[in-house]
Amino acid sequence: MINARKALGALALTAIVGLSAACSGTAAETSGPAELRMTVWTSNEAQLKLLNSIGDAYRADHPDVSKITFESLPFADYNTTLTTQIAGGNAPDLAWMGDLSKDLIASDALVGLTDKLKATDGWQYDDLLGSVTAEYSRNGTLYAYPFSNSPFALYVNTDLLAKAGQKIDPATLTWDQVAAAGAAVHEKTGKAGFVIRDFDYKSWNVLATVWTGFGAAAWSQDGKTCTFASPEMQKAFSFLHDAAFTSKAMPSPGTTADFFAGDAAFTIAQVSRASLLTGSFKFGLHPLPTGPAGKYAVLGQAGVGVLTSSKHQSQALDFLAYLTNPSNAEKLAQFFPPPRKSLLTGAKLAANNKTLSAEQLQSVVVDQLPNAVTLPNHTSPAEIAQKGKTALDAMWKADADIPAVLRSVCAAIEPILAK
């Protein structure tokens with residue numbers, strides 16, 4: 001039974017998805033040609049054009065599907081909109097998902113994909129990289145195809161570094177060196193040092209791109225115990241606090257700086273954000289800096305699955321298999337790093353990439369994926385995110401008691417983890 005305090009997604013899905021429909025895969029299906037709807041959070045014209053072209057090619061050979069619509073929902077409201085649609089009986093047939101995946105899987109809201117994909121001629125299930133399928137699997141069954149596997153990387157504005165008289169060696173670069181160079185850039189140019197994109201003192205889960213390098217984690221491996229108060233996490237937040245309030249290597253609360261507009265020397269962002277580079281400055285792209293715990297890699301993922309509430313499960317499953325087959329996965333790879341080992345070479349990823357070189361993609365994507373950890377993900381993600389943010393707000397003051405704040409985070413989120 002899903003606990004009553006689960007996020008709206010789990011509650012709504014449990015209410016509308018019957019066990020028989022979830023198991024049979026056909027109980028809720030309707031007759032006649034299907035009109036499939038798939039929710040996505042991209043509004044990028046080139047990405048939507050590619051998706052529509054794949055949909056058109058599929059329909060040309062499948063008269064049982066008369067229409068495929070890719071419904072673009074705003075990213076900031078995506079989870080809320082999707083769960084509201086499901087609760088209201090207007091669920092899509094297929095959906096992209098990020099941190100909502102744990103709730104969707106736990107509430108049996110997704111159709112298992114493994115059998116269908118393995119049975120599809122030429123799909124090559126064994127081509128999937130095991131390290132990127134774990135997040136969307138349960139008991140050996142894959143519930144969402146991880147179409148985008150974008151490691152976080154260090155972007156460098158080499159023009160700004162030169163203006164500040166700073167040099168870095170990417171091969172031996174550490175977080176301390178990034179902070180020192182960033183502080184120098186801020187002092188000499190007035191621009192920001194390093195920016196953790198999408199953090200903005202709100203979305204604390206992206207700070208895993210830093211704290212992982214200190215050997216820290218948000219919770220235990222089984223997800224039941226908060227570890228924010230660990231010595232490793234205290235060191236990580238001491239580093240961040242010093243960067244924000246002492247060395248000024250990182251913009252302080254209330255100050256924004258967009259690396260891609262030329263306002264910062266460094267940013268931590270996913271490889272997929274390279275499309276934001278306009279050519280207005282020279283840049284470098286490197287793996288994440290080494291932390292006290294050594295080299296590491298952090299991965300941002302997105303998956304696509306079929307909802308058990310779909311009235312066209314068989315057609316939706318078949319289209320998902322087509323959308324993600326080797327040929328289409330190669331096309332999608334120009335935007336989304338794929339999970340397929342056969343496509344994971346710098347040269348293949350660079351074939352359709354107009355911004356990054358084969359060498360850069362090999363270094364920051366291919367070489368990082370096998371050992372990368374994902375951003376913190378748990379059931380009830382919205383509740384954990386809000387409770388954690390409220391507790392962490394006390395961190396972003398010059399005189400913050402760092403150990404006490406981190407203990408308060410655990411006090412706030414551990415009851416949710418233990419459910």
Side-chain angles (χ1 to χ4, degrees), residues 2 6-7 9-40 51 54-55 58 62 64-65 67-71 73 78-79 82-83 85-121 123-125 128 132-148 301-325 328-329 339 377 379:
I2 303 299
K6 289 288 186 182
L11 287 168
L13 297 172
T14 302
I16 66 173
V17 180
L19 180 60
S20 60
C23 295
S24 70
T26 58
E29 295 195 6
T30 59
S31 59
E35 293 188 3
L36 299 180
R37 180 164 60 93
M38 175 172 160
T39 54
V40 301
L51 289 170
I54 293 173
Y58 178 82
H62 295 81
D64 59 329
V65 176
K67 185 177 182 180
I68 300 175
T69 301
F70 297 95
E71 180 182 0
L73 306 177
Y78 186 86
N79 285 358
L82 177 58
T83 52
Q85 287 183 353
I86 295 169
N90 185 37
D93 301 284
L94 305 96
W96 284 9
M97 65 199 71
D99 61 4
L100 191 61
S101 61
K102 293 284 189 182
D103 274 341
L104 292 171
I105 294 172
S107 57
D108 295 322
L110 296 175
V111 179
L113 305 179
T114 304
D115 291 344
K116 172 64 179 179
L117 298 180
K118 284 185 175 181
T120 299
D121 187 41
W123 201 89
Q124 301 174 20
Y125 192 88
L128 298 183
V132 301
T133 57
E135 189 72 16
Y136 299 117
S137 300
R138 183 181 67 179
N139 298 329
T141 297
L142 183 68
Y143 286 90
Y145 170 84
F147 72 89
S148 182
Q301 282 190 296
V304 58
V306 174
L307 293 171
T308 54
S309 53
S310 170
K311 295 180 180 179
H312 306 287
Q313 280 188 27
S314 60
Q315 292 98 327
L317 278 169
D318 195 66
F319 175 62
L320 186 146
Y322 178 82
L323 176 69
T324 60
N325 67 27
N328 286 322
N377 195 6
T379 52

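- Tyr322 and Tyr58 have tilted rings, their planes meeting at an angle from 30° to 60° on a 0 to 90° scale.
- Atoms CG and OG1, from Leu142 and Thr114 in turn, are 5.0 Å apart once rounded to the nearest 0.5 Å.
- Side-chain contact between Leu36 and Met38: absent, with no pair of heavy atoms (C-beta onward) separated by less than 4.5 Å.
- Side-chain contact annotation: Tyr143 with Ser101, donor-acceptor N/O pair under 3.5 Å absent.
- Summarising the local packing, CG of Asn90 is surrounded by more than 12 heavy atoms from other residues, nucleotides or ligands at distances under 6.0 Å.
- Thr379 has its side chain out of reach of Ile105: every pair of non-hydrogen atoms, C-beta onward, lies at least 4.5 Å apart.
- Considering every non-hydrogen atom in both Gly303 and Tyr136, the closest pair reads N-OH, 3.2 Å.
- Arg138 has its side chain within reach of Asp108: a pair of non-hydrogen atoms, C-beta onward, lies under 4.5 Å apart.
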Given the rule in the side-chain contact (heavy atoms from CB on, under 4.5 Å) test, do Glu135 and Lys102 qualify, once you have shown the distances and angles that lead to the verdict? CA-CA 8 Å; Glu135 189 72 16; Lys102 293 284 189 182; 3.5 Å; yes
List the steps, then state whether side-chain contact (heavy atoms from CB on, under 4.5 Å) holds for Leu113 with Leu317. CA-CA 8 Å; Leu113 305 179; Leu317 278 169; 3.5 Å; yes
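- Contact detail for Trp96 and Tyr78: the closest heavy-atom pair is O-OH, 2.7 Å.
- Under a 3.5 Å cut-off, the side chain of Arg37 and the backbone N or O of Ala95 do not form any donor-acceptor pair.
- Looking at heavy atoms from C-beta onward, Leu94 lies out of side-chain contact with Ser310 at the 4.5 angstrom threshold.
- Side-chain atoms of Thr308 do not come within 3.5 Å of backbone N or O of Val111 as any donor-acceptor pair.
- Pairing each heavy atom of Leu320 with each of Gly305, the nearest pair is CD1-CA, 3.9 Å.
- Counting heavy atoms of neighbouring residues, nucleotides and ligands inside a 6.0 Å radius, atom CG of Asp64 exceeds 12 of them.
- What you find for Ile68 and Gly55 is that their closest heavy atoms are CD1-O, 3.8 Å.
- Scanning all heavy atoms of the two residues, the minimum distance from Ala34 to Gln315 falls at CB-NE2, 3.8 Å.
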Run the side-chain contact (heavy atoms from CB on, under 4.5 Å) test on Leu128 and Trp123 for me, step by step, so that the C-alpha distance in whole Å, both residues' side-chain angles and the decisive distance to 0.1 Å come before the verdict. CA-CA 10 Å; Leu128 298 183; Trp123 201 89; 3.9 Å; yes
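- The shortest distance between side-chain heavy atoms of Leu110 and Leu307 falls below 4.5 Å.
- The shortest side-chain heavy-atom distance between Val65 and Phe319 does not fall under the 4.5 Å cut-off.
- Between Leu73 and Gln85, the closest side-chain pair of non-hydrogen atoms falls below 4.5 Å.
- Residues Leu100 and Asn79 come closest through the heavy atom pair CB-OD1, 3.8 Å.
- By the 4.5 Å heavy-atom criterion applied to side chains, Lys116 and Asp318 are counted as neighbours.
- For the atom pair Gln124 CD and Leu117 CG, the distance stands at 12.0 Å (nearest 0.5 Å).
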Show, in sequence, the C-alpha distance, side-chain angles and deciding distance for Leu323 and Asn328, and conclude whether the side-chain contact (heavy atoms from CB on, under 4.5 Å) test is met. CA-CA 6 Å; Leu323 176 69; Asn328 286 322; 5.5 Å; no
